Amino acid sequence: MSNAGHSRIVILDFGSQYTQVIARRIRECNVYSIILPYNASAKEIASHEPKGIILSGGPSSVYAKKAPHPNKAVFTMGLPVLGICYGVQLMAHFFGGKVEHSERREYGAAKLNVAQDCPLFKGLGATMDIWNSHGDKVTKLPKGFKAVAHTENAPYAAIEDRKRGFYGLQFHPEVVHTPRGKELLENFVHTICKAPADWTMGSFIDETCERIRKQVGDDHVLLGLSGGVDSSVAAALLHKAIGDQLTCVFVNNGLLRANEAEAVQKLFGDNFKIKLKYVDATKRFLTKLKGVTDPEKKRKIIGNEFVYVFQDATKSLARGKASKFKWLAQGTLYPDVIESVAIGGNPAALIKSHHNVGGLPKDMDFKLLEPLRELFKDEVRLVGAELGLPKEVVQRQPFPGPGLAVRILGDITKERIRILQEADSIVVAEMKSSGWYYKVWQSFAVLLPVKSVGVMGDERTYENCCALRIVESQDGMTADWVRLPYDLLARISSRIVNEVKGINRCVYDITSKPPGTIEWE
Ligand code: XMP
């Protein structure tokens, strides 16, 4: 365990779509959290030496035949336990209380009345806005427990057995709709579990650098740098740890945003003085993509070609120095590592594999180095900022691995790349200057394989159409189109049509995901 010095909270996952949100909130309290499958063994839980355990929510009913139950040891380890939603129902059921299915599903905002003094609610006052999402609820308390808070519909909205350190909440303190939920979780981890606030990005950086140095020794490390947040932060972190033993390979596939290749070279090569091998493989990629219009084929070609280019670059770097690079670093994050439990169709379990960037050479003889595998995205951004990466990098919007190829519908030609790059630059510039860029998940232009008629001055035009895709999202799994102010949309549209030669019409995509996707291909 790399985080040996930190106090920890174990979260058992019963399939709630909010399990990762609980873990992030706990870390925002500066306490390290780990998600384990609901049926983790006592030995496994104990191996993390947690200060407390949280039982997540979940879509099941405790009485259902296939309902997930935790290992009984969870309640006999002498650790504080907090049950949230399904978690409190499990607790009540286990200790002999009663859980019932209510006819009316309780969903949405409610007022919580805190009637008893309870360490969970310390400093939170007598009433609290909370958020519910449950069908079943506890209807009879188990022995030893008492109710500490209620809502209009739930007499046992919060319960405790303080002597044994068991607490339960019928509502969700982790979601933003419970505005003071984080303070409640703070009370649990700091006051009840007595876990000190010792998880900070500064300490993470120091410890990770130390560990990387030990792991790597005198070996050399290779990293594929894409310019995205994860690989950029991994590069800066590894550079801090091992300096010149790190070499980054940056592949220009010809499908990047305008000026992206220059910006990456400037930042990492010039500013950070990281050894950077820049490979301009535009020709290779565009030759392979010639005449290809099928989206899946485009992705496959780009993924495969990347592997070949990367392998060639590695070979040329290592020429003459047999097996110079022992390690391949990757910007894998914690959500990719968590063993997801798919109970009742939990959408969080449906991670799309093609989005886990890289297409990396599996048959290459490297040892894998994943310095970010314990972090959530928001923590990666904090680490990046702490390492001195500029806001434009750490707060940048996601950009697909296949780049503009999946935003140029139909044929990919140099001319169409030029057109989209120019339109894209206008979108980014206007989103930034209006302050909207950092408020949305993604904002970009898509070049459609459609021409339409227009007038410019006295002339009739017959040119391309571009779509604007501007969405808000938590994690890219679901998304909604942003209700952008009309005057901003007007400015983007008129700038694109006036300034980009080859586009004479702009449309706004008002499709949510699902049923649409964020990208058009
Ligand atoms: P979709 O279009 O599936 O996209 O709604 C969800 C999120 O994933 C990004 N995306 C990709 N990221 N490689 C990536 O690294 C890809 O091939 C890829 N395709 C989509 C997309 O930009 C959005 O944020």
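Whatever order the structure lists them in is the order used to number ligands and atoms, beginning at 1. Just so it is clear, the structure is predicted and the values come from calculations on it, not from any experiment.
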Flag for Ser226-Ser231: side-chain donor and acceptor within less than 3.5 Å: yes
With respect to Phe399, determine whether any N or O atom, backbone or side chain, lies less than 3.5 Å from an N or O atom of ligand 1. no
Please confirm whether Arg407 comes within less than 3.5 Å of ligand 1 when only nitrogen or oxygen atoms on both sides are compared. no
Can a donor-acceptor pair be found, under 3.5 Å and without considering hydrogens, that links the side chain of Asp129 to the backbone of Thr178? no
Give a yes or no on whether the backbone of Ile518 and the side-chain of Arg469 come within a donor-acceptor separation of less than 3.5 Å. yes
By number and element, which atoms of ligand 1 are closer than 4.0 Å to a non-hydrogen atom of [X]?
| X | answer |
| --- | --- |
| Gly476 | 6 (C) |
| Lys513 | 1 (P), 3 (O), 5 (O), 6 (C) |
| Trp441 | 24 (O) |
| Arg299 | 16 (C), 17 (O), 18 (C), 19 (N) |
| Pro402 | 13 (N), 16 (C), 17 (O) |
| Thr517 | 1 (P), 2 (O), 5 (O) |

Would Arg27 count as a cation-pi partner of Tyr32, with NZ or CZ less than 6.0 Å from the six-membered ring centre and within 45° of the ring normal? yes
Examine Lys288 relative to Tyr308 and say whether NZ or CZ is less than 6.0 Å from the centre of the six-membered ring and inside a 45° cone about the ring axis. no
Interatomic spacing from OG1 in Thr282 to CG in Leu256 - rounded to 0.5 Å: 7.5 Å
Quick test of your reading of the structure: of Gly401, Pro514, Gly403, whose heavy atom lies closest to atom 13 (N) of ligand 1? Gly401
Quick test of your reading of the model: are Lys377 and Asp230 salt-bridged, counting only N-O distances below 4.0 Å? yes
Trp520 heavy atom under 4.0 Å from ligand 1: no
